[in-house]
Amino acid sequence: MSYHFNEIEAKWQKYWSENQTFKAKNNSDLPKFYVLDMFPYPSGAGLHVGHPLGYIASDIYARFKRHKGFNVLHPQGYDSFGLPAEQYAIQTGQHPALTTEDNIKRYRQQLDQIGFSFDWSREVRTSEPEYYKWTQWIFIQLFESWYDKNNDKASAISELETIFSTEGNANINAVCDEDINNFSADDWNAYSSEEKQEILLKYRLTYLAETEVNWCPELGTVLANDEIVNGVSERGGYAVIRKKMTQWSMRISAYAQRLLDDLETIDWPQPLKDSQTNWIGRSKGALVKFKIQDSEKNIDVFTTRPDTIFGVSFMTLAPEHELVHEITTPEQKDAVTNYIEKSAKRSERERMADVKTISGVFTGAYALHPLSGEEIPIWIGDYVLAGYGTGAVMSVPCGDQRDYDFAKHFGLPIPNIFEGKDISEEAYSEKEGVIIANSDFLTGLSYKEATQKAIEALEAINAGKGKINYRLRDAVFSRQRYWGEPFPVYYVNGLPQMIAEEHLPLKLPEVEKYLPTEEGEPPLGRATNWAWDTNKNEIVSNEMLNQVQHDEPNKDVTPSGVEGSSVKGIYPLELNTMPGWAGSSWYFFRYMDADNDEHFVSEEAQKYWENVDLYIGGSEHATGHLLYSRFWVKFLYDRGMVTVKEPFKKLINQGMILGMSAIIRRNSEILVKKTDGTSEIIKNDPPVFISERGVEANAEFTENGKRGTMNLSVSEIPLIKYEEEKEFELREQYENLQSTAFKYEWLHVDVSFVNPATREIDLQKLKNWQSEFGKAKYYLTSSGKMYAKNEVEKMSKSKYNVVNPDEICSQYGADTLRMYEMFLGPLEQAKPWNTAGITGVHSFLKKMWKLYHNDEVFVVSEEKASPDSMKTLHKTIKKVTEDIEEFSFNTSVSTFMICVNELTVQKCDQREVLEPLAILIAPYAPHIAEELWSKLGHDSSITTAEYPVFEESFLVESTKQYPISFNGKMRFTMELSLELGKNEIEKAVMADERTQKQLEGRTPKKVIVVPGKIVNIVG
RNA sequence: GCUCGGAUGGUGGAAUUGGUAGACACGUUGGACUUAAAAUCCAAUGAUCAGCAACGGUCGUGCGGGUUCAAGUCCCGCUCCGAGUACCA
């Protein structure tokens, strides 16, 4: 009976599904274990071989834990809101929900065929109203909370109101907006309800605020940084300006320190912790207040070097700084306004890229040095970022290279305040080993002492204080998109009100197009039914908005607006939707209790499962999902909604599986410069494709394991040939042509057209493939061939390099795929996909199958196994168990191979060995293991079979092959009893004739004997 | 620039944490079976020198030093590659 993997795999997949083998119970006497994968975004391209890598690893672990007697929760779901479905909807008009549904079906089918042990009864989809109801609910909880710095936790906003009404805000120590004035209880009580709401909004953990965004007026939309090229929109080339827009934000900055501190409590890879640490970017320094001359106003700056305060020779503000207009003198007004306009036109990215150009302008105003009282000119410069610190710096040119460059450029003074340091060429920015000079009372002090003294001095005159600053900014939570969670928010007189919990979910409305409106509103602005009726508590038609008169609607609104709002009417709903990370920031709780429609997770279920014990996913989420999730969990913990402070106890990053893509060069534009100074762009239509070969004269390649070189003569360089011919042609056309410049671009083509060894393209297939390639002209090598460039990169539909697991499953089976993906190399490492070694893994499984069969018939003997076989088995148990616990799956696959090879040689057919072996391999190759298990006479699944226990006694050896080395070089081995002591070993070794031969009569200087390990003779 | 990670045969990768470098697999070569192919099995396979023979010699883990009886592994100084991040005051 040979190994019919297709039948076996289909049979057991059906069995698992029918028997709900992997359904987890929410109560059990067994200890719990929660294994989770980062849930996928169901893209149209389907699952490629890179996706399952992490899933296979976590599945092995989950199955291992079941054998070890744990109640395992191993769920899966879909992060189903997102941009690709929306883009597709814009192009085709198809509703994203339908596309998403189709994609999910395909994903599920692909996942099922790999044999994962997911508990599908707990599946979640972030785009389902039953799910996003709770995302909206959490949003409301954030809105209903503020951050109390005294207790260092989030608290209910109602508490804050109580405090305000009894003692004002004098004693409040909160993380909040900066522009809050002090008020007393009487003030508060006298405020109108609208004023109260405005104030409270500045304290809430999710709040509306003006945020600077990249706005494209022509397209009527906000653009992300990467959608802007050279200051214009990538699509259409329209101007992009930085603009302030009102957006929902999350006050994640309140949690900066806790997010940093608690990294120590979780078992995550160090690089990932490092990148979160850098992202949070804590820096210690001081806030210093500079008085503006002839003004009541101050400029606050943040500095990490208060010790250099006497080195300040000017100040620089970000162009967006709020005081700029106010302080600018009339003479400088034009220059300043000009500069601000110019810098507003530059995108943030452009500004960052262009670090070398120094620009700035003097405001005409002066500040007063808080300690010396000197006049300090105030400049603006775009090297100062509005978003970091206070958007203003005290410039110390001798100690900071940027300040130094700025000072040099504009001829500002560069006073030296460092003892014995040369600053004639560049700033001296080292902190250690400096002695401060020319600095009044700081002179002669070290960096450390001076820093402390300076802060004390500033605090004494109320001109500054020690401060810790974080790079982490509050997260913008609004997106001008359709396919996302609607905010449960309506507006009364411009102030946001929450829809009460019992009326959730607020379902996404239908729209006729998924584009922004002509007025520049987000797609939800197109919805005709998108107004909230507070009488009926339901969505009504927008038309109703105009029909209902609101008589002083703000008058009686309760501050929070959630419960008992007495203002009844029809109000507009929020038009933005939530970002992609909303739904993924809490989904791990939902799996614990996926069908609960009373709570986002029940208290019992959460207390039982706590949090995720093992989380596997890509490191690209280091500063996104993994940070936001931690933030939300901490918030939920503060408000008593969950009992854990962290979502994921242990995290493993699986490396990406890369694909080989083929790219070819084409020329579509030529810039023609003419002698009269004008120029013209010629469009090459159809474009011309130029073979890549010939750039290097000798190209190395590997073919069937053999290396070779390919020699190409210069005459074969098609690029030069093309340019020469084309230029000749153009000279005939243009009499006044001066020079030509060819613009090339690289295009991805289907990898299956390219011979991986020679990189030669099958030109006929290419031409038949897409109309563009059919119409194009080709410049081939002199041998008439077209070559592509190979590149190893991320698998993606647009690069035509996606390898689906489906073919592998049908050709070799899921068990082979699972083991092969593990065998490829260490889990964390990125590696290119290649199927070269897959036959090795497949024949291993066939070989293992044969161990249990004799001439096509299943045979196991009940006799006692040989000591050799028992030793092989127990060696394997030991190694595989250790490997799983260390997530070293590639080496455990090798161990299985060694084990089967040895047992085959031993002709082992005893149940005593073969039954435990089936359990050992079950996590890796569950289908074949189930089949063998049932043939071994078991009528239930192998899933919960007890994991074999390693027994040292089978491995005990009496002798060892000692390596005998001379001066550290191993010359031969000797079999010696392990019972021998040092001296006896030395005696035996010295007595051996081979030793004497090596020594050639010399007497060894020293003999090192490490019993059980090695003998080294030094001579 | 800064932070982190890496470099081992023709290839993917092992190496008990300082103790026989190259496990396991692919590929390649030779052989067996077969009319033939596929499949399967057996043997060889780091480079190099020598040779009738072998438990032969030399070199060998990116480069240069060092510590040690012993270094892929530890220390110092580089080179190259990859990832993240960046005018962060």
Side-chain angles (χ1 to χ4, degrees), chain A residues 2 269-275 277-279 281-283 285 301-305 308 316 351-358 381-385 387-396 399-403 405-406 429 469-473 619-620 622-623 655-656 702-708 820 823-826 828-832 834-841 843-844 846-847 850 879 882 888 890-899 901 961-974 993-994 997 1004-1010 1012-1019:
Chain A
S2 47
Q270 196 55 42
L272 205 139
K273 287 189 183 183
D274 289 346
S275 81
T277 305
N278 290 337
W279 191 260
R282 178 190 147 112
S283 54
V301 303
F302 175 74
T303 177
T304 52
R305 297 292 302 274
T308 64
T316 317
R351 213 163 117 173
M352 284 190 269
D354 186 19
V355 179
K356 286 180 194 81
T357 316
I358 295 162
D382 66 6
Y383 80 95
V384 178
L385 301 177
Y388 182 76
T390 60
V393 299
M394 59 176 224
S395 302
V396 182
D400 183 286
Q401 195 56 44
R402 292 155 301 172
D403 296 343
D405 295 341
F406 195 86
S429 54
N469 196 54
Y470 300 92
R471 198 183 79 109
L472 184 70
R473 299 182 206 178
S619 58
E620 65 271 23
T623 50
M656 212 174 334
T702 311
E703 186 176 16
N704 296 332
K706 280 199 172 163
R707 268 166 73 157
Y820 182 60
F823 191 57
L824 273 176
E828 301 86 352
Q829 212 168 80
K831 50 221 158 216
N834 91 61
T835 45
I838 203 160
T839 52
V841 174
S843 45
F844 152 73
K846 283 198 269 188
K847 211 166 166 183
K850 273 196 192 161
K879 179 81 173 115
E882 284 169 2
S888 174
N890 55 327
T891 51
S892 46
V893 176
S894 306
T895 307
F896 282 123
M897 289 174 170
I898 295 167
C899 172
N901 288 344
Q961 288 286 339
Y962 273 93
I964 312 299
S965 41
F966 293 79
N967 295 321
K969 284 177 190 166
M970 206 280 287
R971 294 294 141 155
F972 57 88
T973 60
M974 260 178 97
E993 55 175 288
R994 288 171 296 183
K997 197 178 155 196
K1005 285 196 197 117
K1006 208 167 168 192
V1007 179
I1008 312 271
V1009 178
V1010 186
K1013 286 213 161 152
I1014 199 168
V1015 177
N1016 191 18
I1017 297 163
V1018 187

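Lettering of chains follows the sequences in order, A, B, ..., and the numbering in each one begins at 1.
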When the P atoms of B:C63 and B:U73 are compared, how many Å lie between them, rounded to an integer? 11 Å
5'-most contact on RNA chain B (nearest-nucleotide basis), A:Val893 vs A:Ser843, goes to A:Val893
Same-atom distance (C1') from B:G27 to B:U11, integer angstrom: 7 Å
Write down the distance separating the C1' atoms in B:A47 and B:G9, rounded off to the nearest Å. 9 Å
Which of these nucleotides, B:G13, B:A89, B:G19, is closest to any side-chain atom of A:Gln829? B:G13
Of all the choices, B:U85, B:G19, B:A89, which nucleotide is nearest to the side chain of A:Val1010 once you look at every atom? B:G19
Is a side-chain donor or acceptor of A:Ser283 paired with a backbone partner of A:Tyr470 at a separation under 3.5 angstrom? no
When you measure from the side chain of A:Tyr962 to the backbone of A:Lys1013, do you find a donor-acceptor pair of N or O atoms at a distance under 3.5 Å? no
If you compare all heavy atoms of A:Ile964 against all heavy atoms of A:Ile1017, which two are closest, and at what distance to 0.1 Å? CG2-CD1, 4.1 Å
Should the heavy atoms of other residues, nucleotides or ligands under 6.0 Å from CD of A:Glu993 be counted, would the total exceed 12? no
Looking at A:Arg402, does any N or O in its side chain come under 4.0 Å of the phosphate oxygens OP1/OP2 on B:C88? yes
Answer with base, sugar-phosphate or nothing: what part of the nucleic acid does A:Pro832 contact at a heavy-atom distance below 4.0 Å? nothing
Looking only at side-chain atoms of A:Ile898, point me to the closest of B:C55, B:U40, B:C24. B:C24
Distance in angstrom units between A:Lys969 NZ and B:C69 P, rounded: 17 Å
Nearest of B:A70, B:C88, B:A15 to any side-chain atom of A:Asn1016? B:A70
Atom CG of A:Asp405 to atom P of B:G1: distance rounded to whole Å? 16 Å
Pairing nucleotide - B:C55, Watson-Crick or G-U, each distance under 3.5 Å: none
Watson-Crick or G-U wobble mate for B:C88, both contacts under 3.5 Å: none
Report which part of the nucleic acid A:Asn890 touches: base, sugar-phosphate, or nothing (heavy-atom distance under 4.0 Å, all strands). sugar-phosphate
Partner nucleotide, any strand, of B:G64 [Watson-Crick/G-U, under 3.5 Å]: B:C76
What's the shortest heavy-atom distance between A:Asp400 and A:Arg402, and which atoms? OD2-NH2, 2.6 Å
Taking CE from A:Met970 and P from B:A71, how many angstroms apart are they, rounded to a whole number? 15 Å
Hey, does A:Phe966 have a side-chain heavy atom less than 4.5 Å from the side chain of A:Phe972? yes
Closest-nucleotide 5' rank along RNA chain B - winner of A:Pro826 and A:Met394: A:Pro826
Quick one: classify the glycosidic conformation of B:G9 as syn or anti, with syn meaning within 90° of 0. syn
Just checking A:Lys846: base, sugar-phosphate only, or nothing, at a heavy-atom cut-off of under 4.0 Å? sugar-phosphate
For B:U85, decide between syn and anti, treating a glycosidic angle within 90° of 0 as syn. anti
A:Asn901 has an atom CG; how far is it from atom P of B:C26, in whole Å? 10 Å
Students often mix this up, so state it plainly: with edges at 30° and 60°, are the rings of A:Tyr383 and A:Phe406 parallel, tilted or perpendicular? tilted
If we take the C1' atom in both B:G72 and B:U16, what is their distance in whole Å? 15 Å
Applying a 4.0 Å non-hydrogen cut-off, can you work out what A:Gln961 is touching in the nucleic acid: base, sugar-phosphate, or nothing? base
Closest of B:A89, B:U20, B:G19 to the A:Val384 side chain is B:A89
Could you please name the option among B:C24, B:C26, B:G19 that lies closest to any side-chain atom of A:Ala836? B:C26
Taking the same atom, P, in B:A71 and in B:A21, what whole-Å distance lies between them? 10 Å
Could you state the NZ-C1' distance from A:Lys879 to B:A14, rounded to the nearest angstrom? 9 Å
Are a donor atom and an acceptor atom from the side chains of A:Asn901 and A:Lys847 found within less than 3.5 Å of each other? yes
Nearest non-hydrogen partners of A:Asn834 and A:Ala836, listed with the distance: OD1-N, 2.8 Å
In this structure, how many angstroms lie between the P atom of B:C55 and the CZ atom of A:Phe972, rounded? 14 Å
Closest of B:G12, B:G19, B:A89 to the A:Phe823 side chain is B:G12
C1' spacing across the pair B:G19 / B:C74, given as an integer number of angstrom: 14 Å
Specify the separation, in whole Å, of atom NZ of A:Lys850 and atom C1' of B:C41. 8 Å
Whole-angstrom distance between B:U61 and B:U8, as gauged at atom C1': 4 Å
For a quick check of understanding: with a heavy-atom distance under 4.0 Å over all strands, which category does A:Val1018 fall into, base, sugar-phosphate or nothing? sugar-phosphate
Tell me: CD of A:Glu828 to C1' of B:G13, nearest whole Å? 14 Å
Closest to side chain of A:Thr839, choosing from B:G27, B:G13, B:C4: B:G27
Is A:Asp274 touching bases, backbone alone, or none of the nucleic acid, heavy atoms closer than 4.0 Å? sugar-phosphate
Could you tell me how far B:C24 sits from B:A43 if I compare only their P atoms? Round to whole Å. 12 Å
Could you please name the partner base of B:A25, counting Watson-Crick and G-U wobble pairs only when both distances are under 3.5 Å? B:U11
Identity of whatever pairs with B:A32 - Watson-Crick or G-U, under 3.5 angstrom: B:U40
Does B:G56 have OP1 or OP2 sitting under 4.0 Å from an N or O in the side chain of A:Arg971? no
Side chain of A:Trp279: nearest nucleotide among B:U20, B:A86, B:C87? B:A86
If we call it a pair only when both distances are under 3.5 Å in a Watson-Crick or G-U wobble match, what pairs with B:U3? B:A83
